[in-house]
Amino acid sequence: MISGKVVSSDKEVVDFATVYLKGTNYGSSTNEKGIYHLYAPAGEYTLVVSAIGYTTVEKNIELKSGERMKENVTIAPQITELDEVTVTTSGVSRVNKSAFNAVAIDAKNLHNSTQSLSDALTKVPGLKLREAGGVGSDIVLSLDGFTGKHIKLFIDGVPQEGVGSSFGLNNIPINFADRIEVYRGVVPVGFGTDALGGVINIVTNKSRRSWFLDASYSYASFNTHKSYVNFGKTLKNGFTYEINAFQNYSDNSYYVNTPVEEFYEGGGSSINTDKIERVKRFHDNYHNEAVIGKVGFVDKKWADRFMIGVAYSRMYKEIQTGVVQKVVFGEKYRKGNSLMPSLEYRKRNVFVKNLDVALTLNYNRNFTNNVDTATYRYNWRGEKISQKGRKGEQSYQDIRSNNDNWNTTFTANYHIGTIHTFTLNHVMNAFHRENKNSVTVDESNTIAKQTRKNITGLSYRLMPSEHWNLSVFGKSYNQFNAGPVSASTSGTDNYVRLKNTVSSMGYGVAGTYFILSGLQAKLSYEKAYRLPTNEELFGDEDLELGKIGLKPEKSDNLNLNLSYNQQFGKHGLYVEGGLIYRNTSDYIYRSIETTSNRSYGSYSNYGSVETKGYNISARYSYSHWVSVGGNFTQMDVRDHVKTTQTGQESLTYGARMPNLPYRFANSDVSFYWRNLWKKGNTLIVTYDNLYVYSFPLYSEVLGAVETKEIVPTQFSHNLAITYSLKKGRYNVSFECKNFTNERLYDNFSLQKAGRAFYGKVRVYFGGR
């Protein structure tokens with residue numbers, strides 16, 4: 001046997017590299033740690049090591065009978081310098097070069113910034129981040145015309161449904177991630193997901209490291225504090241432990257521009273929508289704390305990785321507005337906590353040679369308490385008026401929701417030589433919620449809310465050479481739902497337990513071909529399904545209304561992508577363009593519903609929606625001194641229902657789906673001064689911007705033109721300065737976001753923060 005480790009010339013492990021003996025059928029591939037094992041008869045051979053994005057290496061070796069040989073190999077990247085989105089570390093390069101329409105962000109280049117994971121995603125072509133407010137607010141991702149629940153979040157390949165808001169993309173610090181993978185549209189079977197729009201996978205650092213410590217603290221406008229610490233160690237015998245902890249706190253006391261309701265003596269009120277005032281948010285405090293501990297073993301005979309973990313988090317959030325900005329609250333709040341034990345097991349060559357398995361298990365007990373018991377009504381100046389016997393600003397409640405989430409993910413890969421790979425994946429997710437309202441009696445709370453979801457996928461990948469590969473796959477979807485529905489005409493009483501079961505089959509194909517050196521084409525198609533989420537089925541017991549009868553979405557997804565990546569001496573060039581087509585039926589659409597003069601988010605199936613669009617991006621770099629680039633996205637998401645259920649021609653056929661940004665762009669430029677003032681020190685100055693063209697809040701073809709509500713065109717600018725000392729051991733950063741103080745809006749015209757300043761200090765010790 002011959003074994004060893006494959007690393008790049010910059011000491012990064014190279015996973016999924018092909019290792020074989022030239023002129024024979026004996027071969028293998030490296031695992032996520034760059035390790036390979038290869039068995040062959042005794043004799044003299046030429047060992048060949050190749051990987052996409054790297055130069056091929058050949059070595060003469062001699063295998064002797066009964067002996068084990070160790071041969072480490074170093075290979076050099078074909079591209080030596082690229083930007084923070086398309087880089088040459090092994091995991092990032094593998095994702096960018098895969099057959100799927102995917103891009104990977106090297107998060108390590110952003111660890112000195114004050115960004116969250118969601119901020120880092122804004123540079124991905126076709127992706128738009130939509131926030132409802134400041135720190136801790138709800139976020140919605142829009143990717144290639146799909147939005148919200150169409151896009152699934154994973155951490156190390158494990159789905160993050162029901163883990164609590166503390167582990168949302170806008171709360172997790174960028175230092176938590178080693179890289180961020182974004183799959184647009186068609187998704188590999190290995191994720192076992194029902195995403196229509198795509199997948200975001202947060203990949204943490206799993207390399208074997210000696211003792212290390214990564215700690216940071218940042219302070220920002222609106223009394224915002226964020227801190228992070230990560231430390232751990234791996235002993236020689238393989239025993240390893242790691243602790244991650246982070247917190248976020250903010251008053252979110254920024255100014256907004258809005259009409260203000262006038263209160264009069266005697267209890268009357270009125271609002272002049274034409275009179276706009278500048279007022280400060282006064283009831284939007286947010287904080288969350290989270291700690292994740294893991295302990296286990298790596299590189300043992302019985303397991304490549306075996307880890308037992310537990311995560312605990314808690315949060316408190318004052319709620320300033322409803323789903324639209326004209327609704328303002330002064331006492332309403334939400335709090336909660338979550339406890340999640342987990343287990344992870346990975347092993348290569350288990351039972352038989354070339355069979356690799358991965359198993360993850362986790363259980364999450366999540367408690368959420370929504371409190372709305374105020375006897376007053378507030379306006380944007382913080383003034384209040386008695387509600388004259390009515391209780392609750394939105395709905396009178398002190399409701400505790402106990403949410404139980406179980407998740408199991410199993411993946412098996414079987415390799416036949418270096419050409420053929422079969423993958424089997426199964427994901428089981430179960431959810432159970434019980435509610436108790438301590439201030440009112442609600443008949444619906446006596447009935448538990450449940451879902452069980454099983455998704456099984458099987459794929460085959462053919463990779464006869466480095467120049468092309470092809471994957472075909474099929475998926476089976478099954479979901480059971482149960483919850484309360486009203487059997488009365490009023491819809492507010494006589495609740496019964498409704499059950500339904502849905503099942504579907506999907507399939508797809510993805511291929512890539514390197515036309516020339518650096519010129520890559522990708523084409524993928526999927527008949528995809530998306531099962532309704534817990535929030536869409538049951539709401540959040542507060543501002544979102546669920547609908548248990550929602551049907552799964554069905555969609556034909558087609559992606560075509562062409563990219564060129566080349567180095568010309570000190571000049572680096574990357575250009576990419578993609579075409580997207582989606583034809584979706586039973587589209588799950590979020591709208592605003594008003595009941596008893598209160599507004600809620602609600603979900604419904606919409607007959608048919610067609611999406612056509614494209615995105616282009618480019619980047620140029622010169623040596624180690626400058627990097628400049630940007631991207632542009634145009635997406636047409638249109639109503640595709642020709643006739644209504646009564647047989648009449650639909651008035652909205654061909655119109656844009658409302659409240660979706662369809663044209664946006666961003667660009668950035670970074671300058672690097674290396675060895676500034678002292679060897680090993682680096683100064684980085686970065687400017688970036690984001691442009692969003694105006695889009696309608698409601699249907700663009702219904703209603704009078706003068707009354708249409710439009711989210712205006714926005715163009716924001718940011719500036720960041722980072723100075724690193726002693727090769728990154730000590731770091732300090734200063735940032736100014738939205739330095740021109742533009743008015744920025746998002747979901748249903750909720751205004752975001754204006755000009756804000758950030759500062760961060762970070763230290764890093766130990767192995768990387």
Side-chain angles (χ1 to χ4, degrees), residues 6-14 17 48-58 73-98 102-110 112 123-125 179 465-468 512-522 561-578 616-632 666-688 720 722-724 727-728:
V6 179
V7 298
S8 66
S9 54
D10 55 2
K11 306 305 180 184
E12 294 282 353
V13 300
V14 181
V48 181
V49 180
S50 63
I52 296 174
Y54 294 88
T55 57
T56 299
V57 171
E58 296 187 2
V73 181
T74 300
I75 58 179
Q78 289 178 330
I79 306 300
T80 56
E81 31 182 286
L82 286 173
D83 65 283
E84 69 274 12
V85 174
T86 309
V87 294
T88 57
T89 59
S90 59
V92 174
S93 179
R94 174 175 57 82
V95 172
N96 291 344
K97 302 295 184 181
S98 74
V103 64
I105 302 169
D106 188 359
K108 295 188 294 295
N109 291 341
L110 302 172
N112 292 327
K123 294 182 180 179
V124 175
R179 69 177 185 271
S465 74
E466 298 177 30
H467 302 292
W468 70 277
T512 184
Y513 180 72
F514 286 85
I515 304 170
L516 299 170
S517 175
L519 181 61
Q520 182 185 16
K522 299 181 180 182
N561 182 273
L562 191 66
S563 62
Y564 181 70
N565 192 352
Q566 197 59 268
Q567 192 76 24
F568 305 96
K570 293 184 177 182
H571 304 272
L573 179 65
Y574 179 80
V575 181
E576 179 185 357
I616 55 176
S617 60
R619 183 160 298 277
Y620 165 78
S621 63
Y622 176 75
S623 187
H624 295 287
W625 295 101
V626 64
S627 175
V628 57
N631 64 71
F632 174 85
N666 63 63
S667 62
D668 65 87
V669 58
S670 295
F671 298 95
Y672 304 83
W673 286 269
R674 303 182 189 278
N675 300 319
L676 182 65
W677 297 313
K678 190 174 182 180
K679 187 175 181 180
N681 296 358
T682 302
L683 177 69
I684 305 173
V685 178
T686 299
Y687 159 79
D688 67 86
T722 299
Y723 188 56
S724 299
K727 297 182 179 181

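These figures come from a predicted structure and were not determined experimentally. Positions are given from 1 along the sequence.
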Take Ser627 and Ser621 through the side-chain hydrogen bond (donor to acceptor under 3.5 Å, both in side chains) test and state the conclusion after the steps. CA-CA 4 Å; Ser627 175; Ser621 63; 5.7 Å; no

How long is the gap from CD on Gln567 to OG on Ser517, to the nearest 0.5 Å? 11.5 Å

Between Tyr622 and His571, how do the two ring planes meet: parallel, tilted or perpendicular, split at 30° and 60°? tilted

Any heavy-atom pair between the side chains of Thr682 and Leu676 that's under 4.5 Å? no

Suppose we screen for side chain to side chain contact (heavy atoms under 4.5 Å, CB included). Which residues come up paired with Tyr564, at least two apart in sequence or across chains? Leu519, Gln566, Phe568, Leu573

Exam field: side chain Ser465 to backbone His467, donor-acceptor pair closer than 3.5 Å: yes

In Å and rounded to the nearest 0.5 Å, what is the CG to NZ distance from Asn675 to Lys727? 9.0 Å

Of all the heavy-atom pairs spanning Thr512 and Ala521, show the shortest one and how long it is. OG1-O, 2.9 Å

If you define the side chain from C-beta out and look only at heavy atoms, does anything of Asn112 sit under 4.5 Å from Ser724? yes

Rounded to the nearest 0.5 angstrom, the OG-CD1 distance for Ser50 and Ile75 is 8.0 Å

Euclidean distance, Ile616 CD1 relative to Ser563 OG, rounded to 0.5 Å: 14.0 Å

How about Arg619 and Asn631: do any of their side-chain heavy atoms sit closer than 4.5 Å? no

What residues, two or more places apart in sequence or in another chain, satisfy side-chain hydrogen bond (donor to acceptor under 3.5 Å, both in side chains) together with Thr722? Ser733

Test Tyr723 against Asn681 for side-chain hydrogen bond (donor to acceptor under 3.5 Å, both in side chains), laying out the working first. CA-CA 7 Å; Tyr723 188 56; Asn681 296 358; 3.1 Å; yes

List for me each residue that meets side chain to side chain contact (heavy atoms under 4.5 Å, CB included) alongside Phe671, sequence neighbours excluded, and say none if there are none. Val626, Val669, Trp673

Mind checking the CD-CZ spacing from Gln520 to Phe514? Nearest 0.5 Å is all I need. 3.5 Å

What distance do Ser670 atom OG and Tyr687 atom OH have between them, rounded to the nearest 0.5 Å? 12.0 Å

Matching residue for Val6 among Val49, Val13, Val57 - test: side-chain contact (heavy atoms from CB on, under 4.5 Å): Val49

Would you say the side chain of Glu576 lies within less than 4.5 Å of the side chain of Leu562, judging by non-hydrogen atoms? no

